[in-house]
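These figures come from a predicted structure and were not determined experimentally. Hydrogens, waters and symmetry mates play no part in the numbers below; they use all other heavy atoms, side chains included. Whatever order the structure lists ligands and atoms in, that order sets their numbers, starting from 1.
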Amino acid sequence: MPYDTQPVASHFIDGEYVEDTAGEISEVIYPATGEVIAKVHAATPAIVDKALAAAERAQKEWAAMSGTERGRVLRRAADIMRERNHDLSVLETYDTGKPMSETTIADATSGADALEYFGGLAASLTGEHIPLAGGDFVYTRRQALGVCVGIGAWNYPTQIACWKGAPALACGNTMVFKPSEVTPLCALKVAEILIEAGAPNGVYNVVQGMGAVGASLVTDPRVTKVSLTGSVPTGKKVYAAAAAEMKHVTMELGGKSPMIVFDDADIESAISGAINGNFYSTGQVCSNGTRVFVQKGIKEKFLARLAERMGDAVIGDPMEMETTIGPMSSERQLNIVEGYIAKGKEEGARLVKGGNRIEKDGYWIEPTLFADVTDDMTIAREEIFGPVLAVLDFDTEEEVMERANATEFGLAAGVFTQDLTRAHRVVAGFEAGTCYINTYNLAPVEAPFGGVKASGVGRENSKEAINHYSEVKTVYVSMNPCEAPF
Ligand SMILES: NC(=O)c1ccc[n+]([C@@H]2O[C@H](COP(=O)([O-])OP(=O)(O)OC[C@H]3O[C@@H](n4cnc5c(N)ncnc54)[C@H](O)[C@@H]3O)[C@@H](O)[C@H]2O)c1
Ligand SMILES: C[N+](C)(C)CCCC=O
């Protein structure tokens, strides 16, 4: 292993690495080869307590700093992340198996964007002045929530750690972040960098573990806000546990997003959208447009050209820059995806390309294209979280809109057409939090990102995120004597 992937210790608390070998040990696997690249211990109750105590103590000091000072720390952290982009990208590739051609442009860079953006906003987070009759007025104070817990999924470990940490810290909160047990390495680097950039000890802490550790964080009375990125079933559990204690939540959950291709679309552009929305990160992207509705007039042309372009995918060593498809992030996820491919065949979908496990070490599967998929098939209803693209066909706009929205999910949706009036009408009708016209899966930090319906609550990124990591205190100021009826 040319890189030392074993962290100094499993957890990062109060500005330093911390270990408690009493915690259950788990192996970190490089998905491209199946090799064990690190071992970490799950947090014990003592570790969880230490992290929350540090975050609670540090929060007062951090919130008392000016927004300008907090922002400077975040922007310094962004600069360090950019300087170390190569090494951080290598680690992200080891943690997830995603190819370096992706991780060098989409992970530490996206994390740095969040740190830079929210660092820039920190100084301008203010309340407002509201004049009232008789000279009275109200002013509002925008205040931190307190100790926030972040819980991550395994597909974007660096990005998720920063998308949650940056707005939380900008608002004067502190964070205890629990990465996914599948990809525990990258968040530790984010914590290290924040402290190096000048964040006081305890401002950003990382503890490892499975769902039980996450659950113990969510219910701790010191925690005021929980932000989860994960599946809908986990989201329902975490939201319910947080609601029982009236905590704030952000839920970034799963999807089964529609992408509609009308027959007037630029077909190469629509195929690029379908590729980006199904095979990026080997299909392990929450917002993927996995139900591709293609208007009947262009369906066969679309399928033939898409299958041809899929032949250009470079499946191989994720460390090689020319590789465009890496392995699944875990053996468990490989088995899940294989199961869905079998279901697709069994339920009568037409397998156009791929569909096979690639027999070598690690967790490899071919990018897969199904046609003649119908709305009732399992592969059209359930989130697969793998490189399986389902093409469904349609006749009219009215029909496809009804079918596109007929799902419990509502994370993202896209439309490809050259008729811009239709494009805007279609996105207005989508029941989704993030919509695309003639592109797919872009998520710049300046734009709100998140879902509706079962796909989530709240928004990450953009100024919107500030509303989810702060609250407003109203102060009524009377300029007149206080009167009473008796
Ligand atoms: N909307 C988004 O921004 C977004 C981004 C990435 C991934 N996702 C979704 O994440 C899912 C894939 O990730 P995953 O398999 O890691 O999801 P998951 O729901 O299995 O786990 C997510 C995290 O929750 C923790 N967890 C599990 N049970 C818990 C509990 N009871 N209390 C607290 N924490 C608990 C896990 O340890 C993990 O860290 C997909 O559904 C995908 O769509 C959503
Ligand atoms: C930036 N992407 C590729 C849209 C990923 C967002 C996070 C979802 O999994």
Visitor: Might you list the protein residues in contact with ligand 1, defined as having a heavy atom under 4.0 Å from one of its atoms, sorted by chain and number?
Guide: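 Within 4.0 Å of ligand 1, protein side: I151, G152, A153, W154, N155, K178, P179, S180, E181, M210, G211, G214, A215, L228, T229, G230, S231, T234, V238, E252, L253, G254, C286, E383, F385, L411, F449.
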Visitor: Distance from T93 atom OG1 to M319 atom CE, nearest 0.5 Å?
Guide: 5.0 Å
Visitor: Can you give each donor-acceptor pair under 3.5 Å made by side-chain atoms of residues 373-381, sequence neighbours left out, with the distance rounded to 0.1 Å?
Guide:
unit_1, atom_1, unit_2, atom_2, d
T374, OG1, D376, OD1, 2.6
D375, OD1, R403, NE, 3.3
D375, OD1, R403, NH2, 3.1
D375, OD2, R403, NE, 2.7
T378, OG1, E347, OE1, 3.2
T378, OG1, E347, OE2, 2.6
R381, NE, D376, O, 2.9

Visitor: Quick check: N155 and ligand 2, any N/O pair under 3.5 Å apart?
Guide: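 Checking ligand 2 against N155, an N or O pair does fall under 3.5 Å apart.
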Visitor: For atom 6 (C) of ligand 2, grab the closest protein heavy atom and report residue, atom and distance to one decimal in Å.
Guide: Q159 OE1, 3.7 Å
Visitor: Report the C-alpha separation of W154 and E181 in whole Å, then their side-chain angles, then the decisive distance to 0.1 Å, and conclude whether the side chain to side chain contact (heavy atoms under 4.5 Å, CB included) test is met.
Guide: CA-CA 8 Å; W154 40 261; E181 55 274 25; over 6 Å; no
Visitor: Answer yes or no: does atom NZ of K50 have more than 12 heavy-atom neighbours from other residues, nucleotides or ligands under 6.0 Å?
Guide: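 Count not over threshold, so no.
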Visitor: How far is atom 1 (C) of ligand 2 from the closest protein heavy atom, and which atom is that?
Guide: A443 CB, 3.7 Å
Visitor: Touching ligand 2 at all, Q284? Heavy atoms, strictly under 4.0 Å?
Guide: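 Flag not set, Q284 not near ligand 2.
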Visitor: Output the list of atoms in ligand 2 that are nearer than 4.0 Å to some heavy atom of S287, sorted by atom number.
Guide: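 Matching atoms, with element in brackets: 4 (C).
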Visitor: Using 0.5 Å steps for rounding, measure from the OH atom of Y340 to the CD atom of E346.
Guide: 13.0 Å
Visitor: Provide, to 0.1 Å, the distance between atom 8 (C) of ligand 2 and the closest protein heavy atom, together with that atom's residue and name.
Guide: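 For atom 8 (C) of ligand 2, the nearest protein heavy atom comes out as C286 SG, 2.3 Å.
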Visitor: Using a heavy-atom cut-off of under 4.0 Å, does the side chain or the backbone of E252 touch ligand 2, or both, or neither?
Guide: neither
Visitor: Looking only at protein heavy atoms, which one is nearest to atom 4 (C) of ligand 2, and what is the separation?
Guide: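 The protein heavy atom lying closest is N441 O, 3.3 Å.
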Visitor: Quick one: list whatever passes ring-ring contact (aromatic ring centres under 6.0 Å, His included) with F262, sequence neighbours left out.
Guide: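 Testing F262 for ring-ring contact (aromatic ring centres under 6.0 Å, His included), a comparison that skips the adjacent residues, returns F394.
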Visitor: Of the protein's non-hydrogen atoms, which lies at the shortest distance from atom 3 (C) of ligand 2, and what is that distance?
Guide: Y156 OH, 3.5 Å
Visitor: So which protein heavy atom does atom 5 (C) of ligand 2 come closest to, and at what separation?
Guide: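 Nearest protein contact, heavy atoms only, for atom 5 (C) of ligand 2 is V285 CG1, 3.8 Å.
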Visitor: Looking at F430 and A404, what are the two nearest heavy atoms and their distance?
Guide: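 For F430 and A404, the tightest heavy-atom pair comes out as CE2-CB, 4.3 Å.
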Visitor: Might you confirm whether atom NZ of K39 has over 12 heavy atoms from other residues, nucleotides or ligands at distances under 6.0 Å?
Guide: no
Visitor: Which pairs would a plain distance check flag for residues 173-180, meaning a side-chain donor or acceptor within less than 3.5 Å of a matching protein atom at least two apart in sequence or in another chain?
Guide:
unit_1, atom_1, unit_2, atom_2, d
N173, OD1, L145, N, 2.6
N173, OD1, G146, N, 2.9
N173, ND2, A168, O, 2.9
N173, ND2, Y469, O, 2.8
T174, OG1, A55, O, 2.8
K178, NZ, G209, O, 2.6
S180, OG, V182, N, 3.0

Visitor: Between N85 and T104, what is the shortest heavy-atom contact and its length?
Guide: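 So the minimum-distance heavy-atom pair works out to ND2-O, 2.9 Å.
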Visitor: Nearest 0.5 Å, what's the CD-OG distance between E431 and S455?
Guide: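 One gets 11.0 Å once the value is rounded to the nearest 0.5 Å.
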